[in-house]
Amino acid sequence: MSVLSWASLEQTLTYLEIGGHFRPAGCVARTKVAIVVPYRNREAPNITFNRGLLMNIGYQEALRDYDYQCFIFHDVDLLPEDDRNLYSCEQSPRHMSVAIDKHNYTLPYEAYFGGVSAISRRHFQKINGFSNVFFGWGGEDDDMYLRIVYTGLDVTRNSATVARYKMLRHAEDKLNELNAVRFRLLNTARRRRLQDGIRNVKYTVLKKEYRQLYTWILTSPHTSGAMFSVNGREGLRMSQRKNKHF
Ligand code: UDH
Ligand code: MN
């Protein structure tokens with residue numbers, strides 16, 4: 001749980017190729033896996049965080065680089081505890097962070113889909129990715145769970161003894177306030193599914209750097225989160241309008 005310097009990580013993880021690429025030396029990997037980590041530094045831009053939208057951008061940008069078939073969508077602050085919880089894609093989308101220390105190693109609720117998930121490219125395409133309209137904390141993972149179900153797919157999980165994670169302690173992020181309209185948006189999940197996702201995500205890539213341990217993409221989404229993010233009222237009006245639209 002201690003924080004290592006980039007320099008020491010670079011010295012240790014010498015098997016990584018530029019951009020954070022890894023391939024085993026003695027065999028050919030069965031699938032090409034991309035790990036997408038949404039991350040916004042605290043001092044960074046003055047807009048409300050949108051985890052789902054960043055996942056969609058990471059997905060699309062990864063595919064520009066390489067023919068990935070499997071995607072792991074991964075919070076930055078979760079550390080896997082058991083290597084039997086494989087970073088791979090199975091027959092169904094899989095929720096990977098079943099048991100997190102912060103939740104006393106139990107699933108908070110049956111439809112919980114937050115933290116870490118593994119979805120094949122084929123399924124992610126079919127599901128239309130994450131929703132782009134959840135600004136602030138909460139809801140985008142529940143929406144993804146619903147999308148998977150509405151697409152006719154199952155969500156699978158490993159047992160809580162294997163699918164264990166530790167969450168790094170962190171203060172509440174500024175500009176990631178509780179999304180007050182998340183339940184309203186969830187009511188429209190079925191209708192929104194096909195118009196709101198990777199098919200319509202619009203963004204600009206400001207920077208893309210192939211660093212030693214990972215590929216860093218700085219991006220600016222074209223959707224404005226401001227109206228969703230402020231006080232409940234403003235957000236509510238927006239979501240009602242959206243609801244009508246969808
Ligand atoms: N994230 C960032 N920067 C932010 C917010 C979120 O990088 O400012 C990313 C990061 O990968 C993080 C993930 O989004 O792990 C999920 O956010 P989180 O870890 O804050 O969410 P979690 O469900 O909630 O772990 C813990 C704090 C609860 C805050 C309640 C709302 N105020
Ligand atoms: Mn967290």
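What you are looking at is a predicted structure, and each value in this text was computed from that prediction instead of being measured. We number each residue from 1, following the sequence as shown. Order of listing sets the numbers, starting from 1, for every ligand and every atom in it.
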For ligand 1, is there an atom lying under 4.0 Å from some heavy atom of [X]?
| X | answer |
| --- | --- |
| Gly114 | no |
| His74 | no |
| Glu177 | no |

Check whether the ring centres of [X] and [Y] lie less than 6.0 Å apart, and answer yes or no.
| X | Y | value |
| --- | --- | --- |
| Tyr105 | Tyr165 | no |
| Tyr203 | His222 | no |
| Phe73 | Phe124 | yes |

| Side-chain hydrophobic cluster, 4.5 Å single linkage: members besides Leu168 |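 Leu168 clusters with Met1, Leu79.
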Please identify which atoms of ligand 1 are closer than 4.0 Å to at least one heavy atom of [X].
| X | answer |
| --- | --- |
| Pro38 | 7 (O), 9 (C), 10 (C), 11 (O) |
| Lys102 | 26 (C), 27 (C) |
| Tyr39 | 7 (O) |
| Met167 | 25 (O) |

Q.
Can you tell me how the ring of Tyr112 sits relative to the ring of His95, calling it parallel under 30°, perpendicular over 60° and tilted otherwise?
A.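 Taking His95 first and then Tyr112, their aromatic rings stand perpendicular (interplane angle over 60°).
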Out of Phe73, Phe49, Trp137, indicate the one that has the non-hydrogen atom closest to atom 6 (C) of ligand 1.
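Ranked by closest heavy atom to atom 6 (C) of ligand 1, first place is Phe49.
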A student comparing Val116, Asp75, Asp77, Asn176 should find that the heavy atom closest to atom 19 (O) of ligand 1 comes from Asp77
Is it possible for you to say whether [X] and [Y] belong to one hydrophobic cluster, with membership spreading through side-chain heavy-atom contacts below 4.5 Å?
| X | Y | result |
| --- | --- | --- |
| Val116 | Val36 | no |
| Ile47 | Leu206 | no |
| Ile72 | Leu78 | yes |

Is Arg51 in polar range of ligand 1, meaning some N or O pair under 3.5 Å apart?
no
Worksheet item: What do you reckon, does Val76 have a nitrogen or oxygen under 3.5 Å from a nitrogen or oxygen of ligand 1?
Response: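 Looking only at distances, the answer is yes, because the N/O contact criterion of under 3.5 Å is met.
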Give every donor-acceptor pair under 3.5 Å between a side-chain atom in residues 141-149 and any protein atom, sequence neighbours left out.
from   : atom 1 : to     : atom 2 : distance (Å)
Asp141 : OD2    : Gly114 : N      : 3.3
Asp142 : OD1    : Tyr109 : OH     : 2.6
Asp142 : OD2    : Tyr109 : OH     : 3.4
Asp143 : OD1    : Arg192 : NH1    : 3.2
Asp143 : OD1    : Arg192 : NH2    : 2.7
Asp143 : OD2    : Arg147 : NE     : 2.8
Arg147 : NH1    : Asn128 : O      : 3.3
Arg147 : NH1    : Gly129 : O      : 3.0
Arg147 : NH1    : Asp196 : O      : 2.9
Arg147 : NH2    : Asp196 : O      : 2.5

Which of Thr48, Leu53, Leu185 passes side-chain contact (heavy atoms from CB on, under 4.5 Å) with Phe134? It is Leu185
Protein-derived N, O or S atoms lying less than 2.8 Å from the Mn ion (ligand 2), waters not counted, sum to 1
Which pairs would a plain distance check flag for residues 15-25, meaning a side-chain donor or acceptor within less than 3.5 Å of a matching protein atom at least two apart in sequence or in another chain?
from  : atom 1 : to    : atom 2 : distance (Å)
Glu17 : OE1    : Arg23 : NH2    : 3.2
Glu17 : OE2    : Arg23 : NE     : 3.1

